[in-house]
Amino acid sequence: MNKNLKRLPPEVNRILYVRNLPFKITSEDMYEIFGKYGAIRQVRIGNEKKTRGTAFVVYEDIFDAKNAVDHLSGFNVGGRYLVVLYYKSEKQKAKVDAEKERQELEELKKAYGVG
């Protein structure tokens with residue numbers, strides 16, 4: 001099947017957020033690990049106290065990003081198991097939060113018989 005015809009879940013995107021990285025990891029290491037799954041546009045490694053051990057990896061193709069998440073979540077690098085997630089923009093988070101609040105409100109209305 002042509003990969004362009006597949007439907008992807010809405011949270012899938014080209015930008016990955018990677019946690020639990022060894023603090024000494026380099027950009028070259030990241031390109032070597034993540035580059036096996038497709039062309040990478042950019043790698044940004046956290047270099048401040050709050051962002052150490054994290055990185056963003058931006059793929060050229062969304063299907064390559066999905067393949068990387070599927071294969072690298074839980075992958076052992078330097079004695080640490082990677083947590084690889086799809087990046088969620090603030091806009092996406094706000095949309096999800098608004099929907100969740102609406103559902104909770106509906107449940108409360110039902111529970112208390114308010115219409």
Side-chain angles (χ1 to χ4, degrees):
M1 179 178 198
N2 185 342
K3 72 178 183 178
N4 293 328
L5 298 178
K6 290 182 184 175
R7 295 279 275 157
L8 293 174
E11 70 274 6
V12 175
N13 67 64
R14 296 180 314 119
I15 306 170
L16 304 182
Y17 175 61
V18 185
R19 294 190 336 219
N20 206 35
L21 287 165
F23 291 163
K24 302 280 186 199
I25 199 158
T26 65
S27 292
E28 291 77 21
D29 296 334
M30 294 292 290
Y31 277 100
E32 186 177 320
I33 294 165
F34 285 84
K36 293 176 183 173
Y37 299 97
I40 295 173
R41 179 174 286 185
Q42 183 179 36
V43 171
R44 299 290 300 255
I45 298 175
N47 57 2
E48 295 181 11
K49 189 172 183 173
K50 285 176 72 175
T51 61
R52 286 177 62 200
T54 67
F56 288 97
V57 178
V58 182
Y59 278 91
E60 294 287 341
D61 184 78
I62 194 168
F63 291 96
D64 294 339
K66 182 182 183 317
N67 198 17
V69 169
D70 293 345
H71 289 93
L72 292 175
S73 292
F75 186 74
N76 189 325
V77 176
R80 302 185 79 159
Y81 294 96
L82 299 184
V83 177
V84 184
L85 307 165
Y86 296 107
Y87 171 72
K88 291 184 181 159
S89 69
E90 292 303 316
K91 188 176 179 182
Q92 283 179 313
K93 288 179 190 173
K95 188 175 181 181
V96 169
D97 289 345
E99 178 63 24
K100 188 176 178 183
E101 285 180 18
R102 190 192 62 73
Q103 287 177 340
E104 289 173 358
L105 182 60
E106 291 300 318
E107 289 172 14
L108 286 172
K109 283 181 179 179
K110 274 186 200 172
Y112 290 100
V114 178

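Just so it is clear, the values below take in all heavy atoms, side chains as well, and ignore hydrogens, waters and symmetry mates.
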(message) Among residues at least two apart in sequence or on other chains, which ones pass side chain to side chain contact (heavy atoms under 4.5 Å, CB included) with Ile15?
(response) Asn13, Phe56, Val58, Tyr87
(message) My understanding is that only residues two or more places apart in sequence, or in another chain, count here; which of them pass ring pair (Phe, Tyr, Trp, His ring centres under 6.0 Å) with Tyr86?
(response) none
(request) Give a yes or no on whether Glu104 atom CD has more than 12 heavy-atom contacts from other residues, nucleotides or ligands under 6.0 Å away. (result) yes
(request) Calculate, to the nearest 0.5 Å, the distance between atoms OG1 and CG belonging to Thr54 and Leu85 respectively. (result) 11.5 Å
(request) Over all heavy atoms of both residues, which pair between Thr26 and Ile45 is shortest? Give the atoms and the distance, please. (result) C-CD1, 3.5 Å
(request) Answer yes or no: is there a donor N or O on one side and an acceptor on the other, between the side chain of Arg14 and the main chain of Ile62, under 3.5 Å? (result) no
(request) Report the distance from atom CG of Leu16 to atom CG of Leu82, rounding to the nearest 0.5 Å. (result) 11.0 Å
(message) For the NZ atom of Lys66 and the CD atom of Glu11, what is their distance to the nearest 0.5 Å?
(response) 9.0 Å
(message) Hydrophobic cluster membership, with links at side-chain heavy-atom distances under 4.5 Å among I/L/V/M/F/W/Y: are Ile25 and Phe75 in one?
(response) yes
(message) Can you list everything that forms a side chain to side chain donor-acceptor pair (under 3.5 Å) with Asn47? Sequence neighbours excluded, please.
(response) none
(request) Taking side chain to side chain contact (heavy atoms under 4.5 Å, CB included) as the test, write out the residues that go with Glu106, two or more places apart. (result) Arg102, Lys109
(request) Output every pair passing ring pair (Phe, Tyr, Trp, His ring centres under 6.0 Å) with a member in residues 23-44, not counting sequence neighbours, ordered by first then second residue. (result) Tyr37-His71
(request) Kindly state each residue pair satisfying salt bridge (Lys or Arg N to Asp or Glu O under 4.0 Å) with at least one member in residues 27-42, sequence neighbours excluded. (result) Arg41-Glu60
(request) Apply side chain to side chain donor-acceptor pair (under 3.5 Å) to Arg44 and list each qualifying residue two or more places apart in sequence or on a separate chain. (result) none
(request) Grab the two heavy atoms, one from Tyr59 and one from Ala68, that are nearest each other, plus how far apart they are. (result) OH-CB, 3.3 Å
(message) Taking side chain to side chain donor-acceptor pair (under 3.5 Å) as the definition, give me every residue that meets it alongside Arg80, ordered by chain and number, with sequence neighbours left out.
(response) Asn20
(message) Determine whether Leu72 and Val18 satisfy the following criterion, side chain to side chain contact (heavy atoms under 4.5 Å, CB included), listing intermediate values before the conclusion.
(response) CA-CA 10 Å; Leu72 292 175; Val18 185; over 6 Å; no
(message) For the backbone of Val84 and the side chain of Ser73, can you confirm whether one donor and one acceptor N or O come within less than 3.5 Å of each other?
(response) yes
(request) Decide whether Val83 and Tyr81 are clustered together by the hydrophobic rule: side chain heavy atoms of Ile, Leu, Val, Met, Phe, Trp, Tyr closer than 4.5 Å, transitively. (result) no
(message) Assess the residue pair Met30 and Ile40 against the criterion (side chain to side chain contact (heavy atoms under 4.5 Å, CB included)); give the C-alpha distance rounded to whole Å, side-chain angles, the decisive distance to 0.1 Å, and a yes or no.
(response) CA-CA 10 Å; Met30 294 292 290; Ile40 295 173; over 6 Å; no
(request) Hey, could you give me the CD/CG distance between Glu107 and Leu105, rounded to the nearest 0.5 Å? (result) 10.0 Å
(request) Can you see which heavy atom on Pro22 is nearest to which on Gly78, and at what distance? (result) CG-CA, 4.3 Å
